[in-house]
Novice: 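Quick one: this structure, given as structure tokens, is what I'll be asking you about.
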Amino acid sequence: MMSHSVSYTKEDAIGIITVTNPPVNALSQHVRQGLSERFAEADKDNTIATVLICAGRTFIAGADITEFGKPLQPPNFLDTMEIIENLSKPVVAAIHGTALGGGLETALCCHYRVALPSARVGLPEVALGLLPGGGGTQRLPRLIGPEAALEVITSGSPMQAGQAHRLGVIDEVVTEGDLLDGAKAFARKLVADGAALKKVRDLSDKVTGVDLAIFDAARKQASKTRRGFEAPQRCIDCVEAACTLPFDAGLAKEQELFRQVLTSQQSAAQRHIFFAERAAAKVSDMPKDTPTRAIQKVGIIGAGTMGGGIAMNFVNVGIPVTILETGQEFLDKGLAVVRANYERSAKRGRFTLEQVEERMGLITPALDYAALGEVDLVVEAVFENMEVKKEVFARLDTATKPECILATNTSTLNVDEIASVTARPGQVIGTHFFSPANVMRLLEIVRGDKTSFETLATTQAVGKAIQKIGVVVGVCDGFVGNRMLHKYSAQAQYLLEEGSLPQDVDGAVYDLGLAMGPFAMGDLAGLDVGWRIRQGKGLPDSLPTGERYCAIPDRICELGRYGQKTGAGYYTYAPGDRTPRPDPVIEELIVNYAKEKGMTRRLVSREEIVERLMYALVNEGAKILEEGIAQRASDIDVIYVYGYGFPAYLGGPMFYADSVGLKAVYERVCAFAEHDPSSWQPAPLLKKLAEEGGTFH
Ligand code: 3HC
Ligand code: NAI
């Protein structure tokens, strides 16, 4: 059947091939087929040149990711690209939007490339656990040299048209008029000049005589910055092949490694995260056409750790903020931290000192609620105390205009209770940022009982505008992320009583791929925070009868060891060094504590450590799903990957459980529950899925 997603027309003796495959013109089977057919037609037609252009919002944004994981239907990428590259007259790619992955690879088969200044090009395959498998690893080094190509391919980050032009990826930036007109004019000039049909595959100067040491250096670097990820290593292998092998042999190597990564579990997990991230933006019961309000000015209450970081997010995208505090000294201190953060970034060359001033200039400090009369959104980040929060919300309710949205950054408190002190509970919502708030990409958007669709949709849009990955969750203690983390941390502590040391537990999950283990994380966040909360509730006895309680963290705090900030916690730290060093004092404390409790310590295997910690997350995740606190299992995965340093190549805890097999997971959870019924109650959903042979996804 003929493909209709690619059309062929003729204007002024130039053939124009247009791809129309919304939303992003992915290279689906019918597009590959259409391109093959139309280019064959263009070759025969009596035109002087051919332009490849796309309709809609973007140039081809890559292969069709939904086709991966299934047998690929012909024609394959390389056959289509060969037809384009071998055309007997000049082919010009006209790029707007994003030419990514297979899209850029298609453009690299064209003899020349022009682009709008707003266009971006790149090879982001590595983010999907893949490598560019349409000749990109062989052509790009030939065009821009192996070092620049390594950077583009292993980072996966797209670049602006201007930079692409400077590197030589783009031949001309069309700054005036329409893209198609610019491309046609460029093609006409090529013909008039008698320009050669530039086939990137035939270029060799940049890949000859390359010092191969750059590849070992790149491998070493990637093993640090992308620890545990296979795809960056394979990308480097391919670029090296471009410098050591003739084009066709290099291409064969690329294809072999592409097939290897395409069928890997890591890529399946990373593709899962790609779609999970997009699914997270969808709220099942919210009408698609829900209106959103414009957010032009924002108020932040509290200039502490979170308030300052949250303010930076808005200022970074040009939204002015007013920060309110209880005293001038707190404002001064908070703003000094923000300034220091910006200055550090400026020192690293991320922006200029002038831009630091511009950003600081967007922040207005305030001590009086009257300063909040014009804001469209307030994010409250004061102390985690219900009475304080209620007082703040009552005051906000009268100080702000009636349509203003009131958001709380609480990490544990009930959003509905906070909303109840206002006359606008429909406009109250939770925006749970993660520390450091200017860095971490996750935003849990906490939907209260009365939160309106308009408030929800607006908050999602704001999250997107400040480049966060928003996940909508329901109200419960700790919401999704911290509620699950609580179970995980508890298991980590029980393991100390039973026989492990902090370094054993941290080492096991670090090796699995997590950014750091629970004890190193505790030391980083500060152990005193939780201790004070527990003291407030009244610490249980050292030998409690009911629910299992481990007092090791309390004992550590009693020694004045609060973590990195005091130079010691579960570990010790040399001044100015964040490397955790195991401490015999802590080992003794743990051993004595277990003895006191009458427990006989045993050798705990690494496998058990991983199972106890991971399945604690999974079992609680299953309960969260059943209760409807999270809409879908993949939302939980997004939360863990973007908020808790869970490796994307494992796909998040729920995907991880699916890949282990829920029957096996459930059996282990039941075994743990048998030994320790006070901390393990198998989730009914886990049981049901295990019995049915189902999966969370
Ligand atoms: N294949 C299939 N679907 C895709 C897709 C792709 N390559 N890229 C995006 N989509 C879908 C999304 O899932 C989403 O679907 P939904 O509306 O049902 O949720 C829809 O298109 C719109 O996507 P976004 O919400 O991401 O739209 P944005 O405008 O925010 O971003 C974009 C557009 C920058 C193109 C972004 O979608 C993107 O980065 N896409 C992936 C690009 C990519 O990774 N390309 C490489 C693919 S692998 C490859 O090419 C292999 C080759 O080397 C052989
Ligand atoms: P913080 O103690 O660093 O800052 C709180 C700030 O609020 C202080 O500067 C204080 O002066 C100010 N403040 C107190 N009462 C006020 C009032 N009535 N009006 C105006 N300002 C007032 O606390 P942090 O860590 O920034 O936490 C703030 C909120 O964010 C809490 O609800 C916390 O649970 C939550 N949170 C904290 C995270 C963290 O890692 N620190 C992570 C996610 C959420």
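Indexing begins at 1, ligand by ligand and atom by atom, following the structure's order.
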Novice: Holding to ring pair (Phe, Tyr, Trp, His ring centres under 6.0 Å), I want the full list of residues that pass it with F39, two or more places apart in sequence or in another chain.
Specialist: none

Novice: Check this for me - ligand 1, P124, N or O atoms closer than 3.5 angstrom, yes or no?
Specialist: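 No, since none of the N or O atoms of P124 sits under 3.5 Å from an N or O of ligand 1.
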
Novice: With a 4.0 Å cut-off, would you call R447 and D285 a salt bridge?
Specialist: yes

Novice: So for ligand 1, is A63 a polar contact partner (N or O within less than 3.5 Å, distance only)?
Specialist: yes

Novice: Can you tell me if K333 has over 12 outside heavy atoms packed within less than 6.0 Å of its NZ?
Specialist: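 Not buried by this count: 12 neighbours or fewer within 6.0 Å.
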
Novice: Checking Q233 against D237: is there a side-chain donor and acceptor pair closer than 3.5 Å?
Specialist: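 Result is no, nothing qualifies.
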
Novice: What atoms of ligand 1 come closer than 4.0 angstrom to any heavy atom of P132?
Specialist: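 Listed by number with element: 53 (O).
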
Novice: Are the side chain of Q460 and the backbone of A281 linked by a donor-acceptor contact shorter than 3.5 Å?
Specialist: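 Yes; judged by distance alone, with no hydrogens or angles, the pair exists.
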
Novice: Looking only at the side chains, is there a donor atom on one of Q260 and E256 sitting less than 3.5 Å from an acceptor on the other?
Specialist: no

Novice: Among protein heavy atoms, which lies nearest atom 20 (C) of ligand 1, and at what distance?
Specialist: P23 CG, 3.6 Å

Novice: Has the side chain of T290 got a donor or acceptor atom that lies under 3.5 Å from a matching backbone atom of M286?
Specialist: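 Not at all, since once roles are kept as given, no pair shorter than 3.5 Å links the two residues.
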
Novice: More than 12 non-hydrogen atoms from neighbouring residues, nucleotides or ligands closer than 6.0 Å to NE2 on H30, yes or no?
Specialist: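 Yes - once you tally the heavy atoms of other residues, nucleotides and ligands closer than 6.0 Å, there are more than 12.
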
Novice: Can you tell me the protein heavy atom closest to atom 24 (P) of ligand 1 and the distance?
Specialist: R278 NE, 3.6 Å

Novice: So, T422 and D397: side-chain donor and acceptor under 3.5 Å apart, yes or no?
Specialist: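 T422 vs D397: no donor-acceptor pair found between side chains.
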
Novice: Which of the numbered atoms in ligand 1 are under 4.0 angstrom from any heavy atom belonging to F275?
Specialist: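 So the answer, numbered in order with elements, is 13 (O).
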
Novice: Would you check the N or O atoms of E105, main chain and side chain alike, for any that come under 3.5 Å of an N or O of ligand 1?
Specialist: yes

Novice: Among all protein heavy atoms in this structure, tell me which lies nearest to atom 22 (C) of ligand 1, with the distance rounded to 0.1 Å.
Specialist: R57 NH2, 3.5 Å

Novice: Quick one: nearest non-hydrogen protein atom to atom 18 (O) of ligand 1, plus distance?
Specialist: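 Protein heavy atom at minimum distance: K282 NZ, 3.8 Å.
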
Novice: For ligand 1, note which part of L128 has a heavy atom under 4.0 Å away: side chain, backbone, both or neither.
Specialist: side chain

Novice: Please report the shortest heavy-atom distance between R226 and V126, naming the atom on each side.
Specialist: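 The pair with the smallest heavy-atom distance is NH1-CG2, 4.4 Å.
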
Novice: Among all protein heavy atoms, pick out the one at the shortest distance from atom 8 (N) of ligand 1; state its residue, atom name and that distance to 0.1 Å.
Specialist: V24 CG2, 3.4 Å

Novice: Checking a contact table here: which protein heavy atom is nearest atom 40 (N) of ligand 1, and how many Å away?
Specialist: F274 CZ, 3.7 Å

Novice: Has R532 got its NZ or CZ under 6.0 Å from the middle of the six-membered ring of Y562, at an angle within 45 degrees of the ring axis?
Specialist: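 Pair R532/Y562 counts as cation-pi.
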
Novice: What atoms of ligand 1 come within less than 4.0 Å of a heavy atom belonging to T98?
Specialist: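 Matching atoms, with element in brackets: 35 (C).
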
Novice: Identify, by atom number and element, the atoms of ligand 1 in contact range of G62, meaning under 4.0 Å from any of its heavy atoms.
Specialist: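 Within the 4.0 Å cut-off of G62, ligand 1 contributes 45 (N), 50 (O).
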
Novice: At less than 3.5 Å, what protein N or O atoms come close to the N or O atoms of ligand 2? Include the distances to 0.1 Å.
Specialist:
residue	atom	partner	partner atom	Å
ligand 2	3 (O)	T305	N	3.0
ligand 2	3 (O)	T305	OG1	3.0
ligand 2	9 (O)	E325	OE2	2.5
ligand 2	11 (O)	E325	OE1	2.8
ligand 2	11 (O)	E325	OE2	3.2
ligand 2	26 (O)	T305	N	3.3
ligand 2	26 (O)	M306	N	2.8
ligand 2	30 (O)	N409	ND2	2.9
ligand 2	32 (O)	V382	O	3.3
ligand 2	32 (O)	E384	OE1	2.5
ligand 2	32 (O)	K389	NZ	2.6
ligand 2	34 (O)	E384	OE1	2.8
ligand 2	34 (O)	S411	OG	2.7

Novice: I need the minimum non-hydrogen distance between Y640 and M484, along with the two atoms involved.
Specialist: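 For Y640 and M484, the tightest heavy-atom pair comes out as OH-CB, 3.5 Å.
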
Novice: Is the closest side-chain donor-acceptor distance between T98 and T58 under 3.5 Å?
Specialist: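 Yes - a donor-acceptor pair under 3.5 Å links their side chains.
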
Novice: Can a protein heavy atom be found under 4.0 Å away from atom 32 (C) of ligand 1?
Specialist: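 Looking at atom 32 (C) of ligand 1, one finds that no protein heavy atom lies closer than 4.0 Å.
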
Novice: Could you walk me through whether S28 and N21 pass the side chain to side chain donor-acceptor pair (under 3.5 Å) check?
Specialist: CA-CA 8 Å; S28 313; N21 184 27; 3.0 Å; yes

Novice: Heavy atom under 4.0 Å from ligand 1: found in D64's side chain, backbone, both, or neither?
Specialist: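 For D64, the contact with ligand 1 is made by both the backbone and the side chain.
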
Novice: Is it true that the NZ or CZ of R271 lies under 6.0 Å from the centre of F274's six-membered ring and within 45 degrees of the ring axis?
Specialist: no

Novice: Among all protein heavy atoms, pick the one closest to atom 53 (O) of ligand 1 and tell me residue, atom and distance.
Specialist: E125 OE2, 2.5 Å

Novice: What part of A61, side chain, backbone, both or neither, has a heavy atom within less than 4.0 angstrom of ligand 1?
Specialist: both

Novice: Do any N/O atoms on G101 end up under 3.5 angstrom from N/O atoms on ligand 1?
Specialist: no

Novice: Pick one of side chain, backbone, both or neither for how I65 approaches ligand 1, counting any non-hydrogen atom pair under 4.0 Å.
Specialist: both

Novice: So which protein heavy atom does atom 30 (O) of ligand 1 come closest to, and at what separation?
Specialist: K464 NZ, 4.1 Å

Novice: Return the set of residues passing ring pair (Phe, Tyr, Trp, His ring centres under 6.0 Å) with F434 (not counting sequence neighbours), or none when no residue passes.
Specialist: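 Counting only residues at least two positions away or on another chain, F434 forms a ring pair (Phe, Tyr, Trp, His ring centres under 6.0 Å) with H432, Y644.
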
Novice: May I ask whether E67 places a heavy atom under 4.0 Å from ligand 1?
Specialist: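 Per 4.0 Å heavy-atom rule, E67 does not contact ligand 1.
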
Novice: Sequence neighbours left out, what passes side chain to side chain donor-acceptor pair (under 3.5 Å) with Q564? Give chain and number order.
Specialist: R578

Novice: Might you check, step by step, whether the distance between atom 15 (O) of ligand 1 and some protein heavy atom is under 4.0 Å?
Specialist: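 Protein heavy atom within 4.0 Å of atom 15 (O) of ligand 1: absent.
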
Novice: Quick one: closest heavy-atom pair of D416 and G448, and the distance?
Specialist: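 Reported closest heavy-atom pair: OD1-CA, 3.2 Å.
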
Novice: Which atoms of ligand 1 have any heavy atom of L100 under 4.0 Å away?
Specialist: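 Answer, ordered by atom number: 39 (O), 42 (C).
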
